Amino acid sequence: VINVLWAFVTSGFHSSTEMLQMATQPLRQWVATGSVDAQAIHLPPRDLCCIVWCFAVEGTRHIPLFEAVGERLCVCYKDAQWSDLTDALWAFAASDVAHARLFEVVATRVVEEQGLPAGTPLADVVRTAWAFTAALEDLEMQTTVVKLLLSPAALGAALDALDEP
């Protein structure tokens, strides 16, 4: 289901928004309970991040769904790839849906890991920093995270990655 949503959104299919609106209730149930029609379904972090990304790209804001995804991501954020978390953080910030706890736990991960991994694409570094400036309420933590993400060393590494074949 999530791959189909992603395909519709990335292809620019003209009725993606209507499709997302129809999928909202089943997705919300799926995310919140981990099941649909009493059938257990595991949603890995990548799928959770993809759900909110699809909605944000289409400009479809559904606060209860974003809140449910945010709660699930707060539990599994350490298992998520940074590229997926970047998409999710961007989606929350771009949709103007605050999920303070999600931004706090991911900010803590940034600090613990001293930034994003080497080789992270420059666009992901910048989108992650922007998301934190747009949505992280703790200004001291926001400053710490953005300084780590946009440090000369981090930006240099991201720019060097652009030169690699």
Side-chain angles (χ1 to χ4, degrees), residues 2 5-6 8-10 16-17 19-21 23-25 27-34 43-159 161:
I2 294 163
L5 290 176
W6 178 85
F8 269 84
V9 170
T10 57
S16 297
T17 301
M19 186 172 149
L20 287 171
Q21 289 172 345
T24 298
Q25 186 55 38
L27 283 172
R28 189 168 159 216
Q29 177 188 352
W30 194 7
V31 170
T33 65
L43 283 174
R46 179 182 193 92
D47 289 351
L48 294 167
C49 296
C50 186
I51 290 169
V52 291
W53 180 87
C54 286
F55 276 78
V57 166
E58 282 298 304
T60 303
R61 188 171 181 245
H62 193 280
I63 294 171
L65 178 62
F66 273 67
E67 288 175 352
V69 169
E71 285 306 309
R72 290 287 296 274
L73 284 172
C74 284
V75 173
C76 64
Y77 72 98
K78 287 192 175 190
D79 298 326
Q81 297 293 316
W82 273 112
S83 59
D84 298 325
L85 278 178
T86 293
D87 287 344
L89 295 174
W90 172 85
F92 276 89
S95 299
D96 196 25
V97 179
H99 196 290
R101 192 163 79 94
L102 175 62
F103 277 84
E104 289 167 9
V105 297
V106 176
T108 300
R109 180 175 168 186
V110 170
V111 171
E112 288 171 355
E113 296 179 11
Q114 291 295 293
L116 299 180
T120 299
L122 180 60
D124 284 356
V125 173
V126 173
R127 285 188 319 133
T128 304
W130 174 81
F132 279 115
T133 63
L136 185 60
E137 295 174 5
D138 179 340
L139 293 180
E140 185 176 333
M141 179 62 99
Q142 181 189 101
T143 301
T144 300
V145 168
V146 171
K147 282 183 177 181
L148 280 169
L149 294 172
L150 300 180
S151 71
L155 290 175
L159 289 170

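Just so it is clear, the model here is predicted, and its values are computed rather than measured. For the single chain, residues carry numbers from 1 onward in sequence order.
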Derivation and outcome, side-chain contact (heavy atoms from CB on, under 4.5 Å), residues Leu149 and Trp130: CA-CA 10 Å; Leu149 294 172; Trp130 174 81; over 6 Å; no
For the [atom1] atom of [X] and the [atom2] atom of [Y], what is their distance to the nearest 0.5 Å?
X      : Y      : atom1 : atom2 : value
Leu85  : Thr128 : CG    : OG1   : 8.5 Å
Thr143 : Leu148 : OG1   : CG    : 11.0 Å
Phe103 : Met141 : CZ    : CE    : 13.5 Å
Trp82  : Asp84  : CH2   : CG    : 11.5 Å
Thr108 : Lys78  : OG1   : NZ    : 8.5 Å
Ser95  : His62  : OG    : NE2   : 12.0 Å

Close side-chain approach of [X] and [Y], heavy atoms under 4.5 Å:
X      : Y      : answer
Val69  : His99  : no
Asp87  : Cys50  : no
Leu102 : Phe92  : yes
Glu71  : Arg101 : yes

For a quick test of reading the model, state the closest non-hydrogen atom pair linking [X] to [Y] and the distance between them.
X      : Y      : value
Leu73  : Pro45  : CD2-O, 4.2 Å
Ala134 : Ala93  : CB-CB, 3.9 Å
Glu140 : Asp138 : N-OD1, 3.1 Å
Leu48  : Arg72  : CD1-CB, 3.8 Å
Thr86  : Arg127 : CG2-NH2, 3.2 Å

Using modelled atom types only, decide if a donor and an acceptor are shared between the side chain of Arg109 and the backbone of Tyr77 within a distance under 3.5 Å. yes
Sub-3.5 Å donor-acceptor pair from the side chain of Arg61 to the main-chain atoms of Val97, do we have one? no
From the list Ile51, Val57, Val52, side chain to side chain contact (heavy atoms under 4.5 Å, CB included) partner of Phe55 resolves to Ile51
Greater than 12 external heavy atoms within 6.0 Å of Gln81's CD: no
